Amino acid sequence: MDIKRNIETITAKVEAGGARLIAVSKTQPVARIKEAYDAGQRIFGENKVQEMVEKHPQLPSDISWHLIGHLQTNKVKLIVPFVSMIHAVDSDRLAEEINKQAARVGRVVDCLLQVHIAQEESKFGFAPNELIEWMSTEKVQALKNIAVRGLMGMATLTEDAAQVRKEFNGLRKLLEQVNQVSGLTMNELSMGMSSDYEIALEEGSTLVRVGTAIFGDRNNKQQ
Ligand SMILES: *Cc1c(COP(=O)(O)O)cnc(C)c1O
């Protein structure tokens with residue numbers, strides 16, 4: 001894989017769509033992340049706390065680290081001092097813990113609320129109705145050390161582009177609804193991965209999370 005060329009090609013498309021590229025560097029060694037950094041990439045996404053905590057001090061300090069995977073409450077304190085954005089907030093308890101730990105270190109941490117939009121079963125993410133209900137309570141708005149910037153979702157893994165488009169479009173509409181009931185003006189939509197980021201951009205994504213299309217197949221250690 002030519003990491004530099006991939007970064008350049010994908011960044012051009014993402015920026016033309018008015019969004020930002022998150023290079024998903026999970027399982028990638030530091031040297032490959034540095035290659036992407038040298039190609040100009042500054043936002044990296046990891047899905048595991050431990051991995052992010054290990055890589056962060058080994059890489060330049062002007063990198064923005066985004067946690068894109070599920071976060072357990074007992075691990076929040078490990079990333080709150082340096083994380084730029086947490087994408088998968090999906091419960092009251094998690095939001096409160098991020099708020100508490102962020103207050104302890106004097107930060108306001110940007111967060112996204114994860115919504116379950118795919119057809120596959122998942123333990124993670126709010127159901128759309130549940131999210132609207134929760135955001136109407138203004139509980140999150142009261143948490144002063146988190147800033148909720150928008151929503152994150154993963155589409156169904158399918159070749160059916162129309163289905164994927166429908167799910168992304170639904171997430172965008174949900175953002176409008178949640179803004180209405182909450183009085184917030186959130187504007188971030190984290191949607192789109194290697195296989196579907198072009199559709200996501202057309203449906204209003206502002207943050208695409210791309211791994212394989214930059215670094216190659218994560219299972220192929222020969223690359
Ligand atoms: C791994 C991962 C991605 C990137 O997936 P690719 O198909 O490699 O682009 C995006 N989002 C989340 C939440 C992930 O865990």
Side-chain angles (χ1 to χ4, degrees), residues 1-3 5-14 17 19-29 32-33 35-36 39 41-55 63-72 75 79 83-91 94 98 110-126 149-161 163-165 167-168 171 188-223:
M1 290 303 271
D2 185 338
I3 293 176
R5 200 192 57 199
N6 295 342
I7 294 274
E8 285 167 357
T9 311
I10 299 168
T11 298
K13 286 190 216 171
V14 168
R20 283 171 296 156
L21 173 64
I22 300 173
V24 176
S25 49
K26 62 188 185 196
T27 77
Q28 301 298 339
R32 289 167 72 83
I33 302 177
E35 232 182 285
Q41 182 63 28
R42 290 295 179 272
I43 312 178
F44 290 89
E46 291 282 340
N47 69 334
K48 292 206 173 86
V49 166
Q50 199 52 46
E51 208 175 322
M52 186 187 257
V53 166
E54 276 167 25
K55 288 172 176 175
I63 287 179
S64 296
W65 291 99
H66 286 223
L67 189 81
I68 60 174
H70 177 66
L71 176 58
Q72 289 171 275
K75 296 196 174 150
I79 59 164
V83 74
S84 287
M85 187 178 266
I86 297 174
H87 285 235
V89 177
D90 65 357
S91 74
L94 180 56
I98 298 168
D110 284 342
C111 291
L112 302 177
L113 306 173
Q114 184 180 2
V115 185
H116 181 222
I117 56 172
Q119 289 175 321
E120 291 114 3
E121 289 284 317
S122 169
K123 297 180 281 186
F124 305 126
F126 287 98
R149 300 290 183 200
L151 307 181
M152 180 269 213
M154 276 185 279
T156 306
L157 265 176
T158 170
E159 299 288 306
D160 182 355
Q163 176 66 28
V164 169
R165 185 180 297 282
E167 290 168 2
F168 287 148
L171 193 64
E188 299 284 6
L189 278 173
S190 168
M191 55 189 201
M193 319 190 353
S194 293
S195 59
D196 56 17
Y197 74 89
E198 284 165 309
I199 301 174
L201 287 170
E202 288 167 7
E203 295 304 326
S205 175
T206 64
L207 292 163
V208 299
R209 311 176 308 269
V210 176
T212 312
I214 295 171
F215 296 105
D217 190 345
R218 279 180 292 274
N219 299 321
N220 183 355
K221 297 298 176 204
Q222 294 312 99
Q223 294 183 87

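Order of appearance sets the numbers: ligands from 1, and atoms from 1 within every ligand. These numbers were taken from a predicted model, which means no experiment stands behind them. Counting from 1, the numbers follow the sequence of the chain as shown.
- Annotation: atom 9 (O) of ligand 1 to nearest protein heavy atom, Ser194 OG, 2.5 Å.
- A salt bridge does not link Glu54 with Lys48: none of the charged nitrogens is closer than 4.0 Å to a carboxylate oxygen.
- Atom 8 (O) of ligand 1 has its closest protein heavy atom at Thr212 OG1, 2.5 Å.
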* **Lys26 and Glu51: CA distance, side-chain angles, deciding distance, salt bridge (charged side-chain N to carboxylate O under 4.0 Å, His left out) verdict** => CA-CA 8 Å; Lys26 62 188 185 196; Glu51 208 175 322; over 6 Å; no

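- Checked against Ser25 for a side chain to side chain donor-acceptor pair (under 3.5 Å), the options Lys55, Glu46, Arg32 give a single hit: Glu46.
- Ring geometry, Phe44 versus Trp65: the interplanar angle falls from 30° to 60°, so the pair is classed tilted.
- The nearest protein atom to atom 5 (O) of ligand 1, hydrogens excluded, is given as Met193 CE, 3.5 Å; this is a heavy-atom distance.
- When the options Arg209, Lys26, His87 are ranked by their closest heavy atom to atom 14 (C) of ligand 1, first place goes to Lys26.
- Ranking protein heavy atoms by distance to atom 12 (C) of ligand 1, first place goes to Ile68 CD1, 3.5 Å.
- Here the options are Leu71, Ile98, Leu67, the test is side-chain contact (heavy atoms from CB on, under 4.5 Å), and the partner is Val89; only Ile98 passes.
- For ligand 1, the atoms closer than 4.0 angstrom to any heavy atom of Gly211 are 4 (C), 6 (P), 8 (O), 9 (O).
- Screening Glu202, Glu8, Glu198 against Lys13 for a salt bridge (Lys or Arg N to Asp or Glu O under 4.0 Å) leaves a single residue, Glu198.
- Residue Val210 approaches ligand 1 through these ligand atoms, each under 4.0 Å from one of its heavy atoms: 9 (O).
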